[in-house]
Amino acid sequence: MFYLIVGMIIFIGTFYFIITEKIPSAWATMLGGLLMSLIGIMNEEEALNSIAERLEILFLLIGMMIVVHIISETGVFQWFAIKVAQLAKGEPFKLILMLSVVTAVCSAFLDNVTTILLMAPVSILLANELRLDPFPFVMTEIMAANIGGAATLIGDPTQLIIGHEGGIGFNEFLVNTSPMAMIAMVILLVNVYFFYCKKMEVSRELKARIMELDPSRSLKDKKILRIALIIFLLIITGFILNNFVNKGLAIISLSGAIVLVVLTKKEPKQILENVEWETLFFFMGLFMMVTGIEYLHVIEFIGEKIVRITEGKFNLALILITWVSAGFTSIIGNVANAATVSKIITVMEPAFKNEAHIKALWWALSFGSCLGGNLTILGSATNVVAVGAAKKVSCKIDFIKFFKFGAVISIQTLVIATIYLLIRY
């Protein structure tokens with residue numbers, strides 16, 4: 001009981017410091033995780049193993065951060081931003097619409113962290129060029145990335161976990177989750193229009209200036225750009241063919257990054273200075289804390305309660321899996337949630353073996369994890385990475401500011417997802 005009480009105080013206290021920003025979030029989660037180890041909730045080996053088990057996420061991020069940094073130095077993001085702005089003729093809503101659709105589609109077929117690393121700098125550049133607040137641009141892209149990730153098996157790490165645990169293939173995801181992802185995108189864009197875009201105004205002078213810009217002048221080093229794009233396409237191809245080539249995403253990402261660094265003759269110090277170490281330490285601390293909570297059997301206790309309540313009530317099971325998953329995701333992140341709740345579903349399945357649509361339990365977990373990932377900064381790696389990228393260019397998005405908009409989108413899409421599940425299955 002002592003460990004349970006102290007462990008929960010540390011857990012809640014950590015999130016208090018994150019929300020109030022009294023301590024930087026990276027130090028808050030690291031302190032929380034280390035304290036859980038120091039008081040004996042878990043030993044050193046278990047604490048370090050909690051990070052080791054998720055090294056793929058960390059190395060994937062490091063690799064993609066390096067690649068994106070080198071690509072950004074060529075000026076291609078500025079080139080793309082100008083092209084998009086000219087296509088939209090400087091109209092804010094058209095810009096957000098185009099960027100969010102590109103983000104969602106890319107997230108469905110690429111890793112959504114990779115997508116946001118590529119798209120966030122473009123959005124911020126566009127907003128600054130048009131003298132608009134970058135916040136709606138960045139937030140819409142974050143939401144679109146998490147929604148797009150729900151559409152396919154390879155769109156989000158949570159989907160890979162669900163596919164593996166549930167024995168579900170690519171086409172089944174496409175048929176069952178992509179329709180809801182499309183509906184969620186419409187909900188997102190309608191909200192963005194009424195919350196932000198109706199108030200956005202761009203002067204005729206700025207629009208005219210955008211139309212007069214020559215995008216080609218933004219490109220600084222076409223030789224490095226060609227090399228970087230070839231390596232990037234090879235990395236993405238490796239991601240898509242991951243299940244066939246049997247190579248991990250982290251190894252593919254890091255291999256591409258190191259080859260690119262060597263080919264472009266970059267100095268290690270220069271490259272490593274541009275890795276988002278704050279984001280990486282945040283995740284390491286969070287991984288330790290989640291393991292500590294698992295050792296206290298808090299998640300197991302909640303799982304047992306869900307099994308007891310839902311036994312024989314399939315519709316109730318769908319509702320609880322969706323919303324409990326969203327709640328867990330907002331605190332421990334969607335990857336940890338998917339790994340945890342998938343165990344609960346395997347325990348629940350025998351009680352519903354006569355149900356024709358028993359796989360709907362897995363779709364409920366998918367929606368709860370991906371759509372619930374929009375609720376807080378902690379809900380998804382995509383959120384943390386995008387907020388870190390925005391902070392670098394003086395667009396600060398704190399926990400409360402994120403929650404105020406994220407909660408609106410998350411709750412609306414989860415309500416519709418629940419109705420979708422009940423009607424369809």
Side-chain angles (χ1 to χ4, degrees), residues 1-20 22-62 157-158 160-162 164-165 248 250 276-307 324-347 365 368-369 372-373 376-381 383-384 399:
M1 182 59 73
F2 167 77
Y3 285 128
L4 177 62
I5 293 170
V6 175
M8 291 310 296
I9 289 171
I10 291 171
F11 192 76
I12 294 166
T14 298
F15 287 102
Y16 166 77
F17 287 123
I18 292 172
I19 292 167
T20 58
K22 291 183 181 294
I23 297 176
S25 57
W27 302 147
T29 59
M30 285 298 292
L31 278 171
L34 292 169
L35 277 173
M36 285 186 174
S37 181
L38 286 168
I39 67 169
I41 292 174
M42 54 187 168
N43 60 35
E44 181 186 36
E45 184 182 351
E46 290 163 340
L48 294 177
N49 195 50
S50 69
I51 299 171
E53 287 176 348
R54 299 173 176 90
L55 274 179
E56 183 177 34
I57 296 171
L58 299 176
F59 285 147
L60 169 67
L61 283 172
I62 291 170
T158 60
L160 291 170
I161 293 169
I162 292 166
H164 175 73
E165 296 293 331
E276 294 280 347
W277 294 108
E278 185 177 344
T279 299
L280 298 173
F281 272 91
F282 172 86
F283 279 122
M284 286 189 277
L286 187 63
F287 295 156
M288 286 192 283
M289 286 180 59
V290 169
T291 298
I293 290 297
E294 286 177 352
Y295 275 49
L296 293 170
H297 304 292
V298 173
I299 294 171
E300 184 183 330
F301 171 78
I302 295 170
E304 288 173 357
K305 288 291 183 184
I306 293 172
V307 171
V324 169
S325 293
F328 278 174
T329 291
S330 69
I331 299 169
I332 65 175
N334 56 9
V335 173
N337 168 72
T340 303
V341 179
S342 61
K343 296 170 189 172
I344 296 171
I345 292 176
T346 54
V347 174
L365 173 55
S369 299
T376 68
I377 287 177
L378 307 172
S380 167
N383 307 359
V384 179
F399 191 96

Taking the side chain as every heavy atom from C-beta outward, state whether [X] and [Y] have any pair of such atoms under 4.5 Å apart.
X: Val324; Y: Ile344; result: no
X: Thr291; Y: Ile51; result: no
X: Ile377; Y: Val384; result: yes
X: Met36; Y: Ile293; result: yes
X: Phe17; Y: Leu31; result: no
X: Thr158; Y: Asn337; result: no
X: Ile345; Y: Ile162; result: no

I need the minimum non-hydrogen distance between [X] and [Y], along with the two atoms involved.
X: Ala250; Y: Phe59; result: CB-CB, 3.7 Å
X: Ala26; Y: Glu278; result: CB-O, 3.4 Å
X: Ser369; Y: Ser325; result: N-CB, 4.3 Å
X: Met42; Y: Ala47; result: SD-CA, 4.0 Å
X: Met289; Y: Gly32; result: CG-C, 3.7 Å

- Should we count CZ of Phe399 as having more than 12 external heavy atoms under 6.0 Å?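 Check passes, neighbour count above 12.
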
- Task: Report yes or no: does Thr29 contribute a side-chain atom to a donor-acceptor pair with the main-chain N or O of Phe282 at less than 3.5 Å?
- Result: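 Checking the backbone N and O of Phe282 against the side chain of Thr29, a donor-acceptor pair under 3.5 Å is found.
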
- Between Asn43 and Glu46, is there a donor-acceptor pair closer than 3.5 Å when you use the side chain of the first and the backbone of the second?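 The answer is yes, because a donor-acceptor pair under 3.5 Å joins these two groups.
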
- Query: Checking side chain to side chain contact (heavy atoms under 4.5 Å, CB included) for the pair Thr14/Leu35: CA distance, chi angles, key distance, verdict?
  - Reply: CA-CA 10 Å; Thr14 298; Leu35 277 173; over 6 Å; no

Enter the distance from [X]:[atom1] to [Y]:[atom2] here, rounded to the nearest 0.5 Å.
X: Ile41; Y: Glu294; atom1: CD1; atom2: CD; result: 13.0 Å
X: Ser330; Y: Asn383; atom1: OG; atom2: CG; result: 11.0 Å
X: Phe328; Y: Leu365; atom1: CZ; atom2: CG; result: 11.0 Å
X: Tyr3; Y: Leu296; atom1: OH; atom2: CG; result: 10.5 Å
X: Glu44; Y: Leu34; atom1: CD; atom2: CG; result: 10.0 Å
X: Phe287; Y: Leu48; atom1: CZ; atom2: CG; result: 13.5 Å

